[in-house]
Number of protein chains: 2
Amino acid sequence: MALAQAILTSLLEKPCTGAELARRFDKSLGHFWQATHQQIYRELGKLEQDGLVRAHGLAATRGQQRHFEVLATGKAALESWCAEPGEPRPIRDELLVRLRAAAVLGTVDVRVELLRHQGMHAQTLDRYLAIEANDFPADAQKTVADELQFAVLRAGIVYEQSWLNWCEQTLSHAPAIQKPALVEVWPPAD
Amino acid sequence: MALAQAILTSLLEKPCTGAELARRFDKSLGHFWQATHQQIYRELGKLEQDGLVRAHGLAATRGQQRHFEVLATGKAALESWCAEPGEPRPIRDELLVRLRAAAVLGTVDVRVELLRHQGMHAQTLDRYLAIEANDFPADAQKTVADELQFAVLRAGIVYEQSWLNWCEQTLSHAPAIQKPALVEVWPPAD
DNA sequence: TACGATTATGCAACTTGTTGCGCAAAGGAG
DNA sequence: CTCCTTTGCGCAACAAGTTGCATAATCGTA
């Protein structure tokens, strides 16, 4: 639901084509809101229909670049959405379902997967920390806009840190979780 | 994608009807994996078609209770899925899009929304902590299964704590974020 | 010029999750 | 018994996200 607003925000910063948007999403915005190019093109189509953005090169043929720009109505819509209340997303990580299943089954070693996740979260955290060091040095003066963008980055940082923390803690607290030497005999459930 | 596995897990613990499953999801499993009753019924249908679960009272008429039970193939499928590697979910919170938009717009006060989220995360954290105090007292002996279930709960706890932390930090670091006294004149974007 | 790779755009089909509604059985109140 | 509410089950439609493929321009190169 926030894809349209993310696109509007990005287009407000700088009007561009759909492909350029997709590329920008892969970089900055994509850290916390991913979108494929198909999603973006579809959403751009809706936004255009709703009169929130305008295509500059309005070629209806394929393969032709279409340059998009936010209209005043689009900016107003973004402003009004921005002030709306919203619900925070609960955790919804497959890994937790796997742990729950492993608890019931009792025959699966989850430590390998925990180590994998630990590594992935560490890698993502490093990426975020590199961005922080690069774009938000501690001694720099920050405008209000900088402060807000930094807050978004910090959300990513604390998110990854907390997962990392949890992985370590879980690995150390649960060293006994392992597959038994012999797999149990096929259980006749029916 | 993990809904089928979550259902299998819950059914393995105790066979039951779809409605009972939905109720259980609202309690334990629902803390980290939500599902409406429609999702659950649809998924149960697929699982039955695939021969992973069996309906006890196989009444095809509406309004009739159908009691579900995991078959051996279902347990095997769950075991094999459980050992598969998976990707961690990146953050994807609308609030971050709002902050990003606010940074670009410069006319929206985000502190109210930050306070709201702070309150909601605090509330969820309290729920989790109550469960911890109730089900996982520090001095109790834990089996491997207990340890795993506790790990799942701790994931929820650190998740909420990190958001809470971030809210506080953001609110204190960015006290200057506010709507200007006068809204700027309508900008002619076209 | 012709050919192939790249870039930009888009369609179609599918999965997952959400919302709103409808229908049937069960059980209590009048 | 009849009416009404609750409970269990399910359909239909939609929104959001993913995957695979198709088509048109563009550009370098043989």
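By convention in this document, chain letters (A, B, ...) are assigned in the order of the sequence lines, proteins followed by strands, and residues within each chain are numbered from 1. Owing to the predicted nature of the structure, the values given are computational and were not obtained by experimental measurement.
- Scanning for side chain to side chain contact (heavy atoms under 4.5 Å, CB included) contacts around Gln123(B) gives an empty result, with sequence neighbours left out.
- Within the structure, ring-ring contact (aromatic ring centres under 6.0 Å, His included) pairs that include any residue of residues 78-105 of chain B do not occur (at least two apart or interchain).
- Across the protein-nucleic acid pair, Ile40(A) atom CD1 and dC11(C) atom P stand 16 Å apart, rounded to whole Å.
- Not counting sequence neighbours, the partners of Thr17(A) by the side chain to side chain contact (heavy atoms under 4.5 Å, CB included) test are Ala19(A), Glu20(A), Gln65(A), His67(A).
- Counting to the nearest Å, the P atom of dT9(C) and the CG atom of Leu47(A) are 15 Å from each other.
- Residues meeting the salt bridge (Lys or Arg N to Asp or Glu O under 4.0 Å) test with Glu132(B), sequence neighbours left out: none.
- Atom CD of Glu87(A) is separated from atom C1' of dG17(C) by 16 Å (rounded to the nearest Å).
- Among residues two or more places apart in sequence or in another chain, the ring pair (Phe, Tyr, Trp, His ring centres under 6.0 Å) test is passed with His117(A) by none.
- If you measure from atom CZ of Phe25(A) to atom C1' of dA8(C), you get 17 Å, rounded to the nearest angstrom.
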Inset, instruction - Do nucleotides 12-18 of chain D as a string where each nucleotide becomes B, S or -: B if the base has a protein heavy atom under 4.0 Å, S if just the sugar-phosphate does, - if no protein is that close. - result: ----BBB
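- Remark: Tyr41(B) is not in phosphate contact with dG10(D), judged by side-chain N or O atoms under 4.0 Å from OP1 or OP2.
- The ring pair (Phe, Tyr, Trp, His ring centres under 6.0 Å) search around Tyr128(A) returns His31(A), not counting sequence neighbours.
- The distance from atom CD of Gln65(A) to atom C1' of dG10(C) is 15 Å, rounded to the nearest whole Å.
- Rounding to whole angstrom units, CZ of residue Arg66(A) and C1' of dA25(D) are separated by 15 Å.
- Side-chain N/O atoms of His37(B) and base N/O atoms of dG10(D) include a donor-acceptor pair closer than 3.5 Å.
- Minimum heavy-atom separation, Leu164(B) to Ala122(B): CD1-N, 3.6 Å.
- Within residues 17-24 of chain A, the residues that have a heavy atom under 4.0 Å from DNA chain C are, in order of number, Thr17(A), Gly18(A), Ala19(A), Arg23(A).
- Under the rule for a side chain to side chain contact (heavy atoms under 4.5 Å, CB included), the partners of Gln161(B) that lie at least two apart in sequence or sit in another chain are Leu125(B), Ile157(B), Val158(B).
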